[in-house]
There are 2 protein chains.
Amino acid sequence: MAYVTVIDEQNSAAAGPAANALPNSAGALFQLLRDGTPRTRSDLTAMTGFARSTISARVEELLDSSLIRPAGENSSTGGRPPSTFSFNPDARSVLAVDLGGTHARIAVTDLAARVLAEKEQELDITRGPVAVLDAVGAIAMELLQEAGRSPEDLLGVGVGVPGPVEFATGRPMSPPIMPGWDHFDIPGHLRQWFPGPIMVDNDVNAMALGEHAVTYPGVANMMFVKVATGIGSGIISDGRLQHGAQGAAGDLGHIATPDGDTTPCTCGNSGCLEAVASGPAIAAQLRESGFDVPHHAAMLELVRSGDLEALRTVRQAGRQVGSVLAGCVNLLNPSVIVIGGVVSTAGEHFLAGIREAVYSRSLPLATQHLRIVATQTKARAGVLGASTLVTGHGLSIENVNRLIG
Amino acid sequence: MAYVTVIDEQNSAAAGPAANALPNSAGALFQLLRDGTPRTRSDLTAMTGFARSTISARVEELLDSSLIRPAGENSSTGGRPPSTFSFNPDARSVLAVDLGGTHARIAVTDLAARVLAEKEQELDITRGPVAVLDAVGAIAMELLQEAGRSPEDLLGVGVGVPGPVEFATGRPMSPPIMPGWDHFDIPGHLRQWFPGPIMVDNDVNAMALGEHAVTYPGVANMMFVKVATGIGSGIISDGRLQHGAQGAAGDLGHIATPDGDTTPCTCGNSGCLEAVASGPAIAAQLRESGFDVPHHAAMLELVRSGDLEALRTVRQAGRQVGSVLAGCVNLLNPSVIVIGGVVSTAGEHFLAGIREAVYSRSLPLATQHLRIVATQTKARAGVLGASTLVTGHGLSIENVNRLIG
DNA sequence: GTACTTCTGTCGAGTGTCAATCAAAAGTCG
DNA sequence: CGACTTTTGATTGACACTCGACAGAAGTAC
């Protein structure tokens with residue numbers, strides 16, 4: 001145990017002594033099959049360099065564990081046709097929980113983050129951890145039954161929460177909008193229903209992970225930006241989700257916009273992005289222009305109705321977001337920026353404003369291959385990411401070796 | 001080969017087929033000893049979980065290869081006193097090259113990035129890759145002789161260059177201040193003198209790596225900011241140096257400052273940090289105030305002389321840097337920011353300006369454990385980082401197993 | 001049907017690791 | 001000085017993982 005930990009910190013490689021008692025290559029083979037593509041034993045020997053006999057033995061183990069399944073035969077190339085097999089996402093399932101400020105989305109997914117059963121429900125996060133998680137547990141049991149799965153069938157549970165999280169322990173850290181949750185042991189409480197590993201992360205981080213896994217699996221450097229009541233982001237650099245030192249990375253909301261705006265922000269500073277381009281900020285600007293938009297929904301409706309003043313306001317908010325993102329692009333040099341959150345549903349004008357500002361203010365080298373796109377996974381991004389959180393760790397080489405052994 | 005590559009991309013673990021023919025644990029053991037602390041065989045069995053017999057066998061191999069060396073005996077705890085051994089940084093050496101716009105610093109170091117021989121020399125990067133690298137090669141051969149080492153003794157060569165680099169190939173990518181270097185195969189050219197691996201990276205990335213390895217080895221999230229003719233940074237997140245999609249990550253120079261400044265910048269935009277807080281920008285501001293500061297050096301001298309107006313100007317430049325760094329802190333949540341580059345030698349006022357702006361504009365959660373400090377390694381940061389670039393890859397588990405086998 | 005190609009399963013050999021044992025070395029404690 | 005403790009080295013058999021070679025299975029080409 002100590003061994004694995006130490007090595008992971010230092011260089012993240014080599015199997016520990018325990019791993020040596022198990023087939024070492026089964027987990028590695030499995031990683032090659034995880035993309036879902038059917039492959040033959042020959043494919044795998046070519047890809048890995050292992051001997052045919054070794055491949056055959058490990059493939060058989062993986063078939064026995066049902067982590068992979070037969071996928072028919074390829075056509076012959078002059079001799080016996082090779083049999084193929086591929087990842088079997090139905091081998092286990094995952095419970096994915098996405099908690100927002102006012103409602104929760106809970107899903108049971110397979111190992112490829114495909115939703116088997118799902119429910120969205122009003123759930124006020126301010127009711128505190130015990131009440132909220134008890135409700136989540138009850139809904140989850142219903143969904144498992146609906147999907148024909150049991151708690152023992154779960155590879156693990158993934159949870160996204162609207163605040164910073166100490167990832168290693170799964171505890172929220174001074175979350176501003178989650179009274180009563182500070183340092184609460186979320187995995188500890190959920191363990192009464194679910195035996196497997198329970199992973200907790202910030203909701204925007206989860207969304208980034210979900211969009212990445214489902215839509216941009218090969219992209220090493222990506223940002224997911226959520227624009228809603230607040231403005232936050234999840235950062236994937238070098239293929240890994242970045243948490244920062246206190247799990248507070250990705251907070252775009254209180255970065256100052258470059259135009260010297262002095263709108264006061266709830267944080268005490270002025271000119272924060274959240275104060276000028278969030279959902280409430282846009283609604284407030286429209287109210288100043290004389291519109292009757294008491295909340296988000298009304299604002300979005302007004303924009304979708306095509307009102308020119310509303311469109312102009314939304315586009316200008318997009319520019320503000322883009323002006324901050326331009327700095328992020330220079331700093332992180334991502335190849336994809338995904339825009340999500342309710343405000344992004346306002347239409348193309350918001351995205352156009354973002355693009356306009358980013359491409360005019362970032363450096364050519366950083367923007368030449370940069371794509372700025374709207375989320376494909378939309379409201380599901382959170383649960384898909386929570387699912388990915390679990391499979392990312394539960395289907396790692398070490399874990400697969402453990403599952404087989 | 002293909003195996004290692006594929007696995008590294010997917011999950012970075014498991015030994016390849018070739019590795020199995022070699023002792024697997026020697027490299028892992030070595031990682032535990034790399035911090036330089038002397039340890040006993042018992043220490044290692046406790047840390048790794050390996051059997052005593054295995055440890056003894058691998059330790060002997062490491063001793064034979066001279067990667068570790070005896071380090072005396074511990075005091076007895078009632079029985080025979082255990083013998084200890086520790087990392088032997090003298091086992092091999094490293095050639096470290098730090099190329100700037102107008103001069104080069106070249107060093108031969110040991111495996112712990114301690115300088116054995118060093119030379120700094122005027123060398124105009126615009127003379128082109130062949131002329132510059134030929135000069136570097138000649139100086140390097142001299143330094144090797146001075147240090148009593150041979151090219152075969154090198155674990156590898158590390159090079160820092162003042163522009164973006166495609167890290168995998170070691171080629172500069174559209175570098176603005178390196179005419180003739182675009183896509184030049186630097187490792188290919190240096191290979192005529194040096195047989196080992198040759199790693200090239202951006203100079204600021206190298207500085208970040210150097211400061212990290214020498215001064216903040218345990219810190220997982222760090223930024224190194226260089227303020228000189230330009231303003232750039234090297235980002236270490238989750239313990240890894242971040243390059244971004246095109247190797248262009250870390251460019252702070254052309255991020256817009258939040259105060260709406262409209263000073264025109266060489267990049268075509270206005271209000272860029274580089275236009276208001278770089279060495280030349282500070283000098284220009286002082287000239288406007290009537291001072292005779294034709295260049296950097298004169299400006300720094302004026303500041304060090306204690307002139308109040310100059311101090312005020314430098315402090316204000318610090319605030320500008322800090323206002324941009326505040327955004328970086330929100331985005332990346334580092335625990336240490338190191339300030340380097342010639343402008344940082346102007347004194348505490350610059351650093352004070354940075355701190356003032358960062359702590360007033362970043363979120364409390366992100367700043368509560370944040371340290372903003374001046375570089376300890378100073379002008380040597382670049383070569384130390386170039387050295388670390390080589391040891392980071394050359395002393396990895398796989399490589400150590402190869403060195404022994 | 002026969003020859004050929006390609007895929008697949010089985011077996012023994014080689015190697016790394018473990019657990020156990022014995023013996024020697026080098027201290028401490030009474 | 002002798003008894004005890006702890007470390008170290010050497011050796012052994014057992015086990016797991018991998019490899020390479022061989023033989024059998026299942027197609028195609030003539």
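So you know, we letter chains A, B, ... as the sequences are listed, proteins then strands, and number each from 1.
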- Query: Do other residues, nucleotides or ligands put more than 12 heavy atoms under 6.0 Å from the CD atom of A:Glu73?
  - Reply: yes

- Task: Please work out if B:Thr40 contacts a base, only the sugar-phosphate, or nothing of the nucleic acid, heavy-atom cut-off 4.0 Å.
- Result: nothing

- Message: Using the side-chain heavy atoms of B:Glu60, tell me which of these nucleotides is nearest: D:dA10, C:dC18, D:dC17.
- Response: D:dA10

- Look at the side chain of A:Ser53 and the base of D:dG20, then say whether one donor and one acceptor between them are separated by less than 3.5 Å. yes

- So how far off straight is the helix from C:dG1-D:dC30 to C:dG30-D:dC1, going by the axes through five pairs at either end, to 10°? 10°

- Name all residues meeting the side chain to side chain contact (heavy atoms under 4.5 Å, CB included) criterion together with B:Asn88; count only those two or more places apart in sequence or in a different chain, and write none if there are none. B:Ser66, B:Arg69, B:Asp90, B:Ala91

- Which listed nucleotide (C:dC18, D:dT8, C:dT8) is nearest to the side chain of A:Arg52? C:dT8

- Message: Counting only side-chain heavy atoms from C-beta out, which of D:dT8, D:dT18, C:dT17 sits nearest to A:Thr54?
- Response: D:dT18

- In short, ring pair (Phe, Tyr, Trp, His ring centres under 6.0 Å) pairs touching residues 26-49 of chain A with sequence neighbours left out are A:Phe30-A:Phe87

- Message: Rounded to whole Å, please give me the gap between CZ in A:Arg39 and C1' in C:dT8.
- Response: 20 Å

- Message: Hydrogens and angles aside, do A:Asn74 and A:Thr84 bring a side-chain donor and acceptor to less than 3.5 Å of each other?
- Response: no

- With sequence neighbours excluded, what pairs up with B:His212 under the ring-ring contact (aromatic ring centres under 6.0 Å, His included) test? none

- From D:dT7, C:dT6, C:dT8, pick the nucleotide closest to the side chain of A:Thr77? C:dT6

- Protein-nucleotide distance (B:Ile55, atom CD1; D:dG9, atom P), rounded to Å: 12 Å

- Message: When you measure from the side-chain N and O atoms of A:Arg41 to the phosphate of C:dT8, is any distance below 4.0 Å, counting only OP1 and OP2?
- Response: yes

- Task: For a side-chain contact (heavy atoms from CB on, under 4.5 Å) with B:Arg149, tell me which candidate from B:Leu154, B:Leu116, B:Val94, B:Leu95 qualifies.
- Result: B:Leu116

- A:Ser56 (side chain) donor-acceptor with A:Ser53 (main chain) under 3.5 angstrom: no

Would you tabulate the pairs of protein nitrogen or oxygen atoms and nucleotide nitrogen or oxygen atoms of nucleotides 25-27 of chain D closer than 3.5 angstrom?
unit_1	atom_1	unit_2	atom_2	d
D:dA25	N3	A:Arg80	NH1	3.2
D:dG27	N2	A:Gly78	O	3.1

- Item | Residues forming a side-chain hydrogen bond (donor to acceptor under 3.5 Å, both in side chains) with B:Ser83, sequence neighbours excluded | B:Arg41

- Euclidean distance, atom CG of residue B:Asn401 to atom P of C:dT15 [Å, nearest integer]: 17 Å

- Message: Below the 4.0 Å mark, does D:dT8 have OP1 or OP2 next to a side-chain nitrogen or oxygen of B:Ser56?
- Response: no

- Query: OP1 or OP2 of D:dT18 less than 4.0 angstrom from a side-chain nitrogen or oxygen of A:Ser25, does that happen here?
  - Reply: yes

- Query: Would you call A:Leu403 and A:Arg92 a side-chain contact if the rule is heavy atoms closer than 4.5 Å?
  - Reply: yes

- Nearest-Å distance for atom pair CG/C1', residues B:Asn74 and C:dA26: 14 Å

- Can you tell me how far C1' of C:dG9 sits from CD of A:Glu61, to the nearest Å? 15 Å

